[in-house]
Amino acid sequence: MIKAIRGTRDLLPPETALWNFVESAVRDVFRAYNFQEIRTPIFESTELFARGVGEDTDIVAKEMYTWEDRGRAASEKGQSLTLRPENTAGVVRAYIEHDLWQCGLNKLYYIGPQFRRERPQKGRYRQFYQIGAEVIGPPSAGSESPARDAEVLEMLATLLDRLGIAGWNLELNSVGCPNDRAAFNEALRKALEPVVGKMCADCQRRAVTNPLRVFDCKVPEDQPIIDALPRIGQFLDEGCWKHFDAVQEILTRVGVRFSLNDRLVRGLDYYTRTAFEFTHGALGAQNAILGGGRYDGLSEALGGPAAPGIGFAIGEDRLVMSLQESASAEAAVRKPDVYVAPLGAGMNAEAARLARELRRHDLAVELGDESFRLKKSFEAATKAGAKYILIVGENEVKADAFAVKNLATGEQVAVARGELARRIQGE
RNA sequence: GUGGGAAUAGCUCAACUGGCAGAGCACCGGACUGUGGCUCCGACGGUUGCGGGUUCGAUUCCCGUUUCCCACCCCA
């Protein structure tokens with residue numbers, strides 16, 4: 001049997017209804033904040049991700065689906081292409097390519113699949129779905145303002161509340177400017193040097209490859225050592241501090257709760273200043289439901305104009321997962337309003353006419369078959385969860401009035417053809 | 001990529017120390033030829049993930065492999 005390949009999966013009904021529920025809530029909320037949708041290609045030049053995400057990040061170094069495209073001629077070398085591992089680089093590429101800065105401040109969102117070749121586990125797939133948004137534009141349009149950071153964070157709080165996600169937590173930090181980070185990295189290496197020998201094996205490795213990751217360590221014995229390490233905050237310049245303070249000030253004033261986490265570091269090279277994560281319990285080790293931050297230098301790194309921005313990506317797989325355990329999950333599935341049951345030979349055509357008419361009135365209609373005995377039609381209607389069953393038999397056609405039975409109450413009435421839609425809609 | 005656990009009917013799971021592969025639910029049909037849910041009866045359903053090995057005999061023990069789950073790395 002041919003199966004879905006490792007790390008990919010089919011999303012089946014009724015779960016797909018939940019995905020649609022999430023996505024339509026997302027679109028509603030984003031619209032209220034004047035974000036508009038962008039759809040970028042699912043694959044891009046490998047170079048885009050190498051430059052945008054960072055050569056040395058794990059994503060680019062070992063987690064991308066990359067292949068060499070065919071050249072036009074057999075002898076010609078094709079270019080290297082990659083399935084997008086995230087969507088920010090593609091959005092910024094499009095921003096540059098289409099001169100979108102001429103529109104001032106751009107507020108763009110996307111919903112779609114991304115691909116990383118990681119070991120699958122719960123909430124982590126090789127084809128996974130992200131919902132993200134970016135605010136990007138020339139500094140003169142206010143793209144650099146802490147007001148943008150706060151607006152994005154407040155929007156996310158609104159979205160999670162709207163979805164009924166209980167118990168989310170917003171963790172906030174500032175990772176400063178590139179200069180600050182360089183100084184911090186240097187200080188961190190120095191501070192680690194004398195103590196790293198006493199730390200766990202993982203930390204000894206991290207100290208060499210990626211010192212920032214030492215902050216992720218969960219080994220209890222290492223915590224006192226980590227607590228004594230320098231923090232990024234000590235290296236922020238005045239501008240970064242003012243920015244960070246202003247973001248917190250606005251969040252407090254609009255009533256979005258958050259906690260500061262000076263251990264929160266981001267893996268992607270392009271992040272500057274504000275970094276954040278929304279976490280949610282009951283997701284196992286993958287407890288981050290969304291993350292994001294500011295990326296003031298990304299556009300220029302990709303050869304574009306100065307275009308500070310801030311964005312985030314929601315792991316939709318995980319979002320849906322945490323929703324399945326909450327109450328709002330139920331409402332998502334729309335059951336048929338009415339089951340149309342043709343009864344006896346020759347009744348399919350009449351049933352189809354009636355179904356067409358009812359559907360024109362925006363009713364959800366399931367249609368049976370004239371070969372079914374009435375009992376079977378009732379069973380099918382009940383199983384489908386229809387509110388009503390409409391019987392289309394010889395008697396009805398003769399009288400031009402149709403038996404309509406409420407499957408929940410058992411109440412049954414004869415309804416004239418012209419009244420059917422109103423009758424079914426009305427109750 | 002590393003380490004651990006798991007895989008049996010559509011689903012959830014049994015099967016003693018190695019001895020005929022089962023149940024509940026679901027599905028289909030009937031009891032009931034124009035009235036569902038409840039009940040009763042019946043039928044269907046399997047190369048026990050895949051490939052080797054040991055054995056008279058393997059769902060069971062061993063080796064390999066694939067996938068999923070958990071953790072790590074890393075990350076949304």
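Here is how names work: the chains are called A, B, and so on, in the same order as the sequence lines, proteins then strands, and each is numbered from 1. Because the structure is a prediction, the values reported are computed rather than measured.
- Within the structure, ring-ring contact (aromatic ring centres under 6.0 Å, His included) pairs that include any residue of residues 143-192 of chain A comprise A:Trp168-A:Phe278, A:Phe184-A:Phe235 (at least two apart or interchain).
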(message) One character per nucleotide, please: for nucleotides 30-35 of chain B, 5' to 3', B when the base has a protein heavy atom closer than 4.0 Å, S when only the sugar-phosphate does, - otherwise.
(response) S-B-BB
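- Of the P atoms belonging to B:G19 and B:C62, the separation is 15 Å, rounded to the nearest Å.
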Check: residues 3-10 of chain A side-chain donor-acceptor pairs under 3.5 Å, at least two apart:
from: A:Thr8; atom 1: OG1; to: A:Ile5; atom 2: N; distance (Å): 3.3
from: A:Thr8; atom 1: OG1; to: A:Ile5; atom 2: O; distance (Å): 2.7
from: A:Arg9; atom 1: NH2; to: A:Asp317; atom 2: OD2; distance (Å): 2.7

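- Spacing between atom CZ of A:Phe372 and atom P of B:G36 amounts to 16 Å, rounded to whole angstrom units.
- In this structure, the nucleotide among B:G37, B:C73, B:A76 sitting nearest to the side chain of A:Gln130 is B:A76.
- Nearest heavy-atom pair, A:Ile232 versus A:Ser174, reported as atom, atom and distance to 0.1 Å: CG2-O, 3.3 Å.
- Applying the salt bridge (Lys or Arg N to Asp or Glu O under 4.0 Å) test to every pair with at least one member in residues 151-173 of chain A, sequence neighbours left out, gives these pairs: A:Asp28-A:Arg162, A:Lys107-A:Glu151, A:Arg148-A:Glu151.
- RNA chain B lies under 4.0 Å from at least one heavy atom of each of the following residues of residues 5-15 of chain A: A:Arg6, A:Gly7.
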Filtered N/O pairs between nucleotides 3-8 of chain B and protein, under 3.5 Å:
none

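- For A:Phe312, the ring pair (Phe, Tyr, Trp, His ring centres under 6.0 Å) test picks out no residue, with sequence neighbours left out.
- Scanning atom types as modelled, one donor and one acceptor separated by under 3.5 angstrom connect the side chain of A:Arg124 and the base of B:C75.
- Taking 4.0 angstrom as the limit, A:Lys383 places a side-chain polar atom (N or O) nearer than this to OP1 or OP2 of B:C27.
- Only the C1' atoms considered, B:U55 is 9 Å distant from B:G18, to the nearest whole Å.
- With A:Leu153 as the partner, the side-chain contact (heavy atoms from CB on, under 4.5 Å) test is satisfied by one option alone out of A:Leu172, A:Ile250, A:Ile310: A:Leu172.
- By the side chain to side chain contact (heavy atoms under 4.5 Å, CB included) test, A:Asn20 pairs with A:Glu23, sequence neighbours left out.
- For A:Glu379, the salt bridge (Lys or Arg N to Asp or Glu O under 4.0 Å) test picks out A:Lys375, with sequence neighbours left out.
- Residue pairs meeting the salt bridge (Lys or Arg N to Asp or Glu O under 4.0 Å) criterion with at least one member in residues 79-94 of chain A, sequence neighbours excluded: A:Glu44-A:Arg93, A:Arg93-A:Glu97.
- The side-chain heavy atoms of A:Gln36 and A:Ile38, taken from C-beta on, include no pair separated by under 4.5 Å.
- At least one side-chain heavy atom of A:Lys122 sits less than 4.5 Å from a side-chain heavy atom of A:Met321.
- For A:Lys335 and B:G36, the NZ to C1' distance is 15 Å, given to the nearest whole Å.
- Comparing B:U59 with B:A71, their P atoms sit 33 Å apart, to the nearest whole Å.
- Separating the C1' atom of B:G1 from that of B:C75 is a span of 15 Å, rounded to the nearest Å.
- Every stem involving RNA chain B, taken as at least 3 paired positions in a row under the Watson-Crick or G-U wobble test at 3.5 Å, is listed here: B:1-7 with B:66-72, B:10-13 with B:22-25, B:28-31 with B:39-42, B:49-53 with B:61-65.
- Among the protein residues, A:Gly292 comes within range of no part of the nucleic acid, since none of its heavy atoms lies under 4.0 Å from any strand.
- What you find for A:Val247 and A:Asp149 is that their closest heavy atoms are CG2-CB, 3.7 Å.
- When the side chain to side chain donor-acceptor pair (under 3.5 Å) test is applied to A:Tyr110, no partner is found at least two apart in sequence or on another chain.
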